[in-house]
Amino acid sequence: MASIAVCPGSFDPVTIGHINIITRASKLFDKVIVVVMVNSRKNSAMFSPEERMDFIRRSISHLKNVEVDFYDGLLADYVVRKGAVAIVKGLRVLSDYEDEFKQALTNKRLAQNVETIFLVTDTEYMFLSSSVVKEVGSLGGEIGDFVPPEIKDDIMKRIRER
Ligand code: ADP
């Protein structure tokens, strides 16, 4: 049976740090579903779910076993419904750890057969987050080192419109 993994996140917007994790996951599983979610603990997103999915799709079009979806419900329900064996998350710094640990334990309780797998970030992406992109872009800085080249101009256009 094909092994399916889910990479969840807000992806507001997707960064090359996310793409690094998605690419590495695509080598470990037969199929990877990147799922754009609504994070109720974060302030409202800058980009709509459709825009966030479009940015991801355009950035991963070379990865044939990766698809993109949106879900605004419980992650554990989604992974079970998709028949996934794993949730893949990226770990940057120690501060990611506590929250990710809680989420992994909760998801294990809700979906016993699904493992959370952490891929440690490559060092060059340690500092990188969607917030960094939004902050730098809003102040007119260069975001070319932070986001995939295919979507850079559209991200900047949207940030400037706001
Ligand atoms: P969330 O809203 O859950 O924090 P994000 O969109 O910020 O979602 O991130 C989705 C996933 O990607 C998380 O597992 C996060 O730890 C990981 N991630 C984000 N940025 C990086 C990065 N620079 N390197 C590695 N993993 C990252």
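Numbering of ligands and ligand atoms starts at 1, following listing order.
The shortest N/O to N/O separation between Ser130 and ligand 1 does not fall below 3.5 Å. Close N/O approach between Thr15 and ligand 1 is not found [any backbone or side-chain N/O within under 3.5 Å]. In terms of polar-atom proximity, Asn39 is counted as a contact of ligand 1, with an N or O under 3.5 Å from an N or O of the ligand.
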One pair to check against side-chain hydrogen bond (donor to acceptor under 3.5 Å, both in side chains): Gln103 and Asp99. What are the steps and the verdict?
CA-CA 6 Å; Gln103 286 182 42; Asp99 192 43; 3.0 Å; yes

Start with the C-alpha distance between Arg24 and Asp122, add both sets of side-chain angles, then the distance that settles salt bridge (Lys or Arg N to Asp or Glu O under 4.0 Å), and finish with yes or no.
CA-CA 11 Å; Arg24 288 159 62 194; Asp122 281 348; 3.5 Å; yes

Give the intermediate values and the outcome of side-chain contact (heavy atoms from CB on, under 4.5 Å) for residues Tyr125 and Arg92.
CA-CA 8 Å; Tyr125 310 123; Arg92 274 162 300 193; over 6 Å; no

Could you please spell out the steps behind the side-chain hydrogen bond (donor to acceptor under 3.5 Å, both in side chains) verdict for Asp69 and Tyr78?
CA-CA 11 Å; Asp69 197 7; Tyr78 182 83; 2.5 Å; yes

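Contacts between Leu128 and ligand 1 below 4.0 angstrom, taking non-hydrogen atoms only, involve backbone and side chain alike.
In the hydrophobic cluster analysis, where Ile, Leu, Val, Met, Phe, Trp and Tyr join through side-chain heavy atoms closer than 4.5 angstrom, Val80 is grouped apart from Val34.
Side-chain contact check for Lys89 versus Thr116: some heavy-atom pair is nearer than 4.5 Å.
When only non-hydrogen protein atoms are considered, atom 18 (N) of ligand 1 lies nearest to His18 CD2, 3.8 Å. Atom 21 (C) of ligand 1 has its closest protein heavy atom at Arg92 CD, 3.5 Å. The protein heavy atom nearest to atom 7 (O) of ligand 1 is Lys42 NZ, 3.5 Å. The protein heavy atom nearest to atom 24 (N) of ligand 1 is Thr121 OG1, 2.9 Å. For atom 15 (C) of ligand 1, the closest non-hydrogen atom of the protein is Gly90 O, 3.6 Å. Remark: minimum distance from atom 8 (O) of ligand 1 to any protein heavy atom is reached at Ser10 N, 3.3 Å. Ranking the protein heavy atoms by distance from atom 13 (C) of ligand 1 puts Lys89 CE, 3.8 Å first.
Using a cut-off of 4.0 Å between Lys/Arg side-chain N and Asp/Glu carboxylate O, Glu115 and Lys108 are scored as salt-bridged.
Atom OG of Ser61 and atom CD1 of Ile56 lie 13.0 Å apart (nearest 0.5 Å). Here the straight-line distance linking atom CG of Asp54 with atom CG of Asp154 works out to 7.5 Å at 0.5 Å rounding. Here the CZ atom belonging to Arg158 is positioned 13.0 Å from the CD1 atom belonging to Ile151, to the nearest 0.5 angstrom.
Short contacts between ligand 1 and Phe11, defined as distances under 4.0 Å to a heavy atom of the residue, involve ligand atoms 6 (O). Listed by number with element, the atoms of ligand 1 under 4.0 angstrom from any heavy atom of Pro8 are 10 (C), 11 (C). Shown in contact with Gly9 at under 4.0 Å from a heavy atom are these atoms of ligand 1, numbered in order with element: 6 (O), 8 (O), 10 (C). For ligand 1, the atoms lying closer than 4.0 Å to a non-hydrogen atom of Ile21 are 25 (C), 26 (N). Residue Tyr125 has at least one heavy-atom neighbour below 4.0 Å for each of these atoms of ligand 1: 22 (C), 23 (N).
Residues Phe55 and Phe47 bring their aromatic ring centres within 6.0 Å.
At least one heavy atom of Glu100 sits less than 4.0 Å from an atom of ligand 1.
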